[in-house]
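The structure under discussion appears below in the form of structure tokens.
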Protein chains: 2
Amino acid sequence: MVVYELSEEQVNKVFRALADATRRDIVRRTLHAEISISDLAASYDMSFAAVQKHVAALEAAGLVRKIARGRERIVRGQPDTIRHAQELLSSLEEIWRQRISRLDDFLASEDT
Amino acid sequence: MVVYELSEEQVNKVFRALADATRRDIVRRTLHAEISISDLAASYDMSFAAVQKHVAALEAAGLVRKIARGRERIVRGQPDTIRHAQELLSSLEEIWRQRISRLDDFLASEDT
DNA sequence: GTAATATACAACCAAATGGTTGTATATGAG
DNA sequence: CTCATATACAACCATTTGGTTGTATATTAC
């Protein structure tokens, strides 16, 4: 399995993009079904341009893509990027798990 | 298993805190071993106060805790909060998985 | 062809972020 | 006791963020 590593800057963008409730909601909805920017904009209490900017931030992070369909732009969630973020968090957890494991080994050696 | 739900604002803080390479490095190191703020500050090309602020951001997000030990503050990574963020990302992936499953069902019904 | 809809994008602004320096306090070493 | 170390925290500043309005362009509907 080939995994394309994200640069630190890309990782920053991904987490930064996820650090906003509106953007997380956009990701949820675009993973769930086909939806245009207008559809999205109708749901939030802010201007169309503001929603457009949120979508742009998500797109720059690789969390969504825009697909042209007539005059509309369908926003499509990108599960691969989400999985990438998950894996990064898993690697952090793994560091801790290994520390606990080292500690257990130490305690076991103390007992002998 | 009791899971304490994070508020939207807390989730924002967690992802915001993770959206910086220095802070991710601090999390890694504090999960790996006992380390003080001074130890951390020695490794980065910025002032002690700047590192202090990064630790404060991580602490506000629940990603680390500070434990007093003499005049030092030991910074301890908090794996539970990381796991929480992971679960949130998993729930997003799950939305997509279910959509694919729905699509499969639809295609299967088309075939009959 | 004209009007309405969907999007793009620039300019602007207030607030938040990420750094700095400076000062104060608490603890440890000699 | 005195000095050095570790931390806390405030004030300041440049840049980024997250919203706004306004204007332009492309596509669809009638």
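None of these values were measured; they are calculated from a predicted model. To find a chain, count down the sequence lines: A is the first, B the second, and so on, and within it residues start at 1.
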**Message:** I want to check one thing: is the phosphate of C:dG19, taken as OP1 and OP2, less than 4.0 Å away from some side-chain N or O of B:Ser47?
**Reply:**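 Negative; the distance criterion is not met.
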
**Message:** Tell me whether the side-chain N/O atoms of B:Arg73 come closer than 4.0 Å to OP1 or OP2 in D:dA8.
**Reply:**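 So the side-chain polar atoms of B:Arg73 do come within 4.0 Å of the phosphate oxygens OP1 or OP2 of D:dA8, strictly under.
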
In whole Å, what is the span from the [atom1] atom of [X] to the [atom2] atom of [N]?
X: B:Glu72; N: D:dT7; atom1: CD; atom2: P; result: 6 Å
X: B:Leu40; N: D:dA8; atom1: CG; atom2: P; result: 12 Å
X: A:Glu59; N: C:dC9; atom1: CD; atom2: P; result: 10 Å
X: B:Phe48; N: D:dT5; atom1: CZ; atom2: P; result: 13 Å
X: A:Lys13; N: D:dG18; atom1: NZ; atom2: P; result: 14 Å
X: A:Arg16; N: D:dT16; atom1: CZ; atom2: P; result: 12 Å
X: A:Tyr44; N: D:dG18; atom1: OH; atom2: C1'; result: 15 Å
X: B:Ile74; N: D:dA6; atom1: CD1; atom2: C1'; result: 11 Å

Of the listed nucleotides ([options]), which one gets closest to any side-chain atom of [X]?
X: A:Lys53; options: C:dT7, D:dT20, D:dA6; value: D:dT20
X: A:Arg23; options: D:dG18, D:dT21, C:dT21; value: D:dG18
X: A:Lys66; options: D:dG18, C:dA8, C:dT20; value: C:dA8

**Asked** If you measure from the Lys or Arg side-chain nitrogens to the Asp or Glu carboxylate oxygens, is any gap between B:Lys13 and B:Glu59 under 4.0 Å?
**Response**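 Not counted as a salt bridge, because no side-chain N and carboxylate O are separated by less than 4.0 Å.
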
If you look at every strand shown and take non-hydrogen atoms under 4.0 Å, does [X] touch a base, only sugar-phosphate, or nothing?
X: B:Ala41; result: nothing
X: A:Arg69; result: nothing
X: B:Ala49; result: base

**Asked** Is there a donor-acceptor pair under 3.5 Å between the side chain of A:Thr30 and the backbone N or O of A:Ile26?
**Response**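 Checked: pair present.
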
**Side-chain donor/acceptor of B:Asp39 to backbone N/O of B:Ser36, under 3.5 Å** =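 Yes.
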
**Message:** I'd like to know if B:Arg71 reaches the base of D:dT7 with its side chain, counting only an N/O donor and acceptor under 3.5 Å.
**Reply:**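 No, no donor-acceptor pair under 3.5 Å.
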
**Prompt:** Does the base of C:dA8 carry an N or O that pairs as donor and acceptor with the side chain of A:Gln52 under 3.5 Å?
**Reply:**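 Present.
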
**Message:** If only side-chain N and O atoms count, and only distance matters, is there a donor-acceptor pair under 3.5 Å linking B:Ser43 with B:Arg29?
**Reply:**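 Yes - a donor-acceptor pair under 3.5 Å links their side chains.
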
**Request:** Using heavy atoms to find the nearest nucleotide of DNA chain D for B:Ser38 and A:Gly70 separately, return the residue whose nucleotide is more 5′.
**Result:**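 Final value for this comparison: B:Ser38.
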
**Asked** Same cluster for B:Val11 and B:Ile95 if Ile/Leu/Val/Met/Phe/Trp/Tyr side chains link at under 4.5 Å?
**Response**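 Yes, one cluster joins them.
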
